[in-house]
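Encoded as structure tokens, the structure appears first; notes follow it.
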Amino acid sequence: MRFLLDPIGLATLAALTDAATAARESGLDGIYLTESAALPSPLIAAAALAGRVEDVLVAAEITLGDRHPLEVAEEAAVTDLALDGRLILVARPATDDLSRFAEALDIVRLACAPRPFRFEGNHWQVPANLPENEWLPEEQVRLMPGPPLPRLELWTAGAAARPLAIERGLGHLIGADDDPGAGLAQLTKASELAPRARREQLTDPLALVERLREGREWGQDWAVVSAPASAAPDLGSIVRPRVQMHKLSPGLEAFWDTERPWAQ
Amino acid sequence: MGELDRVGLALWTMQSTAAGPGLHRTLYRRFGEDAQLADRLGFAAVWIGEHRVWYDGWCPAPLHALAYVAGLTERIHLGTAMYLVPQHDADGAARTLAQLDELSGGRLELGAGLGYRDPEFDALGLQRNQRGKLMDANLDAIEAAWAGAGGEQPPTKRPAPRIWMGGMAPQAIARAARRGYGLLLPQTLSLDEVRRIVESYREQGGAAPVGMLREIWVGEGGERHARRVSLHLTEEAGSWWAMKDSFGFAAPEQIAKQVARGVSGIATGEADAVAERLRDTLDAGVDHLAVRFAFEFVEQAALHDQIHRLAEDVVPLLAGAGA
């Protein structure tokens, strides 16, 4: 199980830096930035954090399917370069038109591979080959620069996007109240190892442990925990150690509960 | 006000070319290091360009590169020269610009350009010949979003970021004056042309600052630098520039003429000689110098040496110019 801290409501660079640092210091994998009125561009925030906090993954959840997906892919590639490969791009359908989202998702995937591509869809054609653009007509385009690692880490979010994620072997984030069984239980070969994440709340650390153990039953291997930076130590010392293994040595949890070694 | 307040550094492009290859993750990290040095020395701004879908990986998302730099610096302003406004989605641009300005503490300087490469427009499904209309429509949408139109909260509580119109065409000057923007002029203009443009801009009511790109090289190596700039421009013009009825390398004489014009603007020599050329530019009515010696073929140590020489040897000699 891996952990991303979503410091919901934080929008200043100082506060986001503190949250990412707290996540790292508690051994969490990274932070998760969700688009909101206070944080209109999580990718910009991710790029701004790149040089301020080392090591942690930075997930940016954006909407996809409204503006041109090539533009989104370019922004993700540059942000991932600044992050030296630490970006997780999480795409949520911008509208109810799932066919637009599916095409956008495929354009982002194609664009992030190190080869020229051509895409002919119902919503986008890349390159468009408009007759008015007379100079140097192209059959294919190449996103330059590409992301730094062999692949961009691309997830989807939102129940509607789930079948698309499974089909394509992409990571997928479900909501705290979504039924994980529908779809995720019938994983194809292509996606059996793709990240499966769920949004979690942190009220009581041991209650979250129980929930994550239950999550493991349907394959959950990432937890996106909405919590303030001050919750990072509990996540790191109480929750994370208890959900990594299939089972722990008898007596270990009782030892932790009694001695609370992290508090000594 | 110190002299450095009117001097910025240009132009980061993040290119990895045949002449100056580099791993892009290295180039972005170095941009951060370069900007930190400029920030420490007190320069007013760093400027980055935008192009897309070309082999050299010229930065297609300059606002995201600037966001990275914003996180690493304290006070230096973060400029685009140019952000190709017609090639971006207006709503997305408004959100992105507002976020960058907010996270950077109001340090964004938005140089706005039209773009000119057909393959860039075509990749995005846009017609190059609509770029003027797209420029106005997108700027309208961006400004409306910043002003909080439609009953929404303004995305930023700060004053709207400063916008600089790129280019030298009469339409660009008129657009800048009409919309209350500054001007950001290319390095290829003669002093007479600069004077005429500034005069025309002021006559049309333009009241914002006028900036200009100026290429320099201080001390030894000026000739070699100019030769390499010439090759850099030749590659760019040969690959990209549409002439009257031919394209790029098919028009070698026109390219040679344009390149010679570009190279003639490079101020080389010792600090006093370079300062003299920059003083002339300020005297012609320019308020901000975006000084360029950063190219992909200039190694980082040489680049930092030039940044130091500019700050310590050249800029103090600008005192009193353009008063």
Side-chain angles (χ1 to χ4, degrees), chain A residues 11-13 16-17 35 37-53 62-63 66-68 70-85 111 116 124-138 141-149, chain B residues 14 16 23-25 27-29 31-32 36 52-72 87-92 94-100 102-105 117-119 121-130 152-153 155 239-240 242 247-248:
Chain A
T12 69
L13 195 49
L16 292 171
T17 303
E35 191 174 301
L39 202 69
S41 176
L43 274 173
I44 285 285
L49 283 172
R52 299 173 69 86
V53 189
I62 58 150
T63 55
D66 42 8
R67 62 201 179 103
H68 201 292
L70 184 62
E71 188 185 7
V72 177
E74 290 172 338
E75 294 176 359
V78 168
T79 301
D80 201 19
L81 282 162
L83 279 161
D84 207 18
W124 287 285
Q125 180 173 322
V126 188
N129 296 135
L130 303 175
E132 294 82 2
N133 299 328
E134 54 185 321
W135 296 111
L136 226 60
E138 301 276 10
V141 298
R142 167 79 206 276
L143 170 77
M144 290 293 290
L149 299 184
Chain B
M14 323 313 284
S16 171
L23 189 59
H24 277 102
R25 57 211 297 187
L27 301 183
Y28 281 87
R29 192 184 67 240
F31 180 32
Q36 284 179 313
R52 54 179 34 77
V53 293
W54 188 234
Y55 91 94
D56 61 13
W58 189 312
C59 182
L63 303 178
H64 296 72
L66 289 177
Y68 170 59
V69 167
L72 287 167
Q87 296 186 12
H88 293 279
D89 173 78
D91 293 338
R95 284 201 305 272
T96 307
L97 290 162
Q99 182 80 74
L100 175 56
E102 186 66 31
L103 286 185
S104 68
R117 283 186 66 220
D118 280 10
F121 287 94
D122 207 62
L124 294 164
L126 303 167
Q127 294 176 26
R128 193 242 302 153
N129 63 11
Q130 297 296 306
E152 287 174 32
Q153 278 289 104
S239 306
W240 288 2
F247 186 87

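- Within the 4.5 angstrom heavy-atom criterion, atoms from both the backbone and the side chain of A:Leu136 approach chain B.
- Residues B:Arg52 and A:Met144 fail the side-chain proximity criterion, which asks for heavy atoms closer than 4.5 Å.
- With hydrogens and angles ignored, the 3.5 Å screen pairs no side-chain donor or acceptor of B:Arg95 with any backbone N or O of A:Ser41.
- Using a 4.5 Å cut-off between heavy atoms, B:Leu27 does not touch chain A at all.
- The part of B:Ser239 that comes within reach of chain A is its backbone (N, CA, C, O), which places non-hydrogen atoms under 4.5 angstrom from that chain.
- The line from CG of A:Leu81 to CZ of B:Arg29 is 12.0 Å long, rounded to the nearest 0.5 Å.
- Each of B:Phe247, B:Trp58, B:Tyr28 has some count of heavy-atom pairs under 4.5 Å with chain A, and the biggest count is that of B:Phe247.
- In terms of heavy-atom pairs under 4.5 Å with chain B, the best-connected choice from A:Pro137, A:Ala82, A:Pro131 is A:Ala82.
- If you measure heavy-atom distances from A:Leu83 to chain B, you find no contacts under 4.5 Å at all.
- Atoms CZ and CD, from B:Arg128 and A:Glu132 in turn, are 10.5 Å apart once rounded to the nearest 0.5 Å.
- Between chain B and the residues A:Arg142, A:Gln125, A:Glu75, A:Glu138, the largest count of heavy-atom pairs under 4.5 Å involves A:Glu75.
- Both the backbone and the side chain of B:Arg25 have a heavy atom closer than 4.5 Å to some heavy atom of chain A.
- The most heavy-atom pairs under 4.5 Å with chain B, out of A:Thr12, A:Leu39, A:Leu16, A:Thr17, come from A:Leu39.
- Counting heavy-atom pairs under 4.5 Å between each of A:Pro127, A:Pro147, A:Pro148, A:Pro145 and chain B puts A:Pro145 at the top.
- Rounding to the nearest 0.5 Å gives a distance of 11.5 Å between CG of B:Asp118 and CG of B:Leu126.
- For A:Glu134, the parts sitting under 4.5 Å from any heavy atom of chain B are the backbone and the side chain alike.
- Side-chain contact check for B:Leu124 versus A:Leu70: some heavy-atom pair is nearer than 4.5 Å.
- Neither the backbone nor the side chain of B:Trp240 comes within less than 4.5 Å of any heavy atom in chain A.
- Contact count against chain A (heavy-atom pairs under 4.5 Å) is highest for B:Gly71 among B:Pro62, B:Ala70, B:Gly71.
- Both the backbone and the side chain of B:Tyr68 have a heavy atom closer than 4.5 Å to some heavy atom of chain A.
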Worked verdict on B:Phe31 versus B:Leu66 for side-chain contact (heavy atoms from CB on, under 4.5 Å):
CA-CA 9 Å; B:Phe31 180 32; B:Leu66 289 177; 4.1 Å; yes
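- With a 4.5 angstrom heavy-atom cutoff, A:Leu149 touches chain B only via side-chain atoms.
- The line from CD of A:Glu71 to NE2 of B:His88 is 5.5 Å long, rounded to the nearest 0.5 Å.
- The structure places CG of B:Asn129 at 9.5 Å from CG of A:Leu130, a figure rounded to the nearest 0.5 Å.
- In this structure, the portion of B:Tyr55 lying under 4.5 Å from any heavy atom of chain A is its backbone and not its side chain.
- If you take CD on A:Glu35 and CD1 on A:Ile62, they are separated by 7.5 Å, rounding to the nearest 0.5 Å.
- Each of B:Arg117, B:Gln87, B:His64 has some count of heavy-atom pairs under 4.5 Å with chain A, and the biggest count is that of B:His64.
- Among A:Asn129, A:Val141, A:Thr63, the residue with the largest count of heavy-atom pairs under 4.5 Å with chain B is A:Asn129.
- For chain B, the nearby parts of A:Ala45 are the backbone and the side chain; heavy atoms of each come within less than 4.5 Å.
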So A:Leu13 and A:Arg52, side-chain contact (heavy atoms from CB on, under 4.5 Å) or not? Walk me through it.
CA-CA 9 Å; A:Leu13 195 49; A:Arg52 299 173 69 86; 3.7 Å; yes
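- Side chains of B:Asp122 and A:Asn133: a donor on one and an acceptor on the other come within 3.5 Å.
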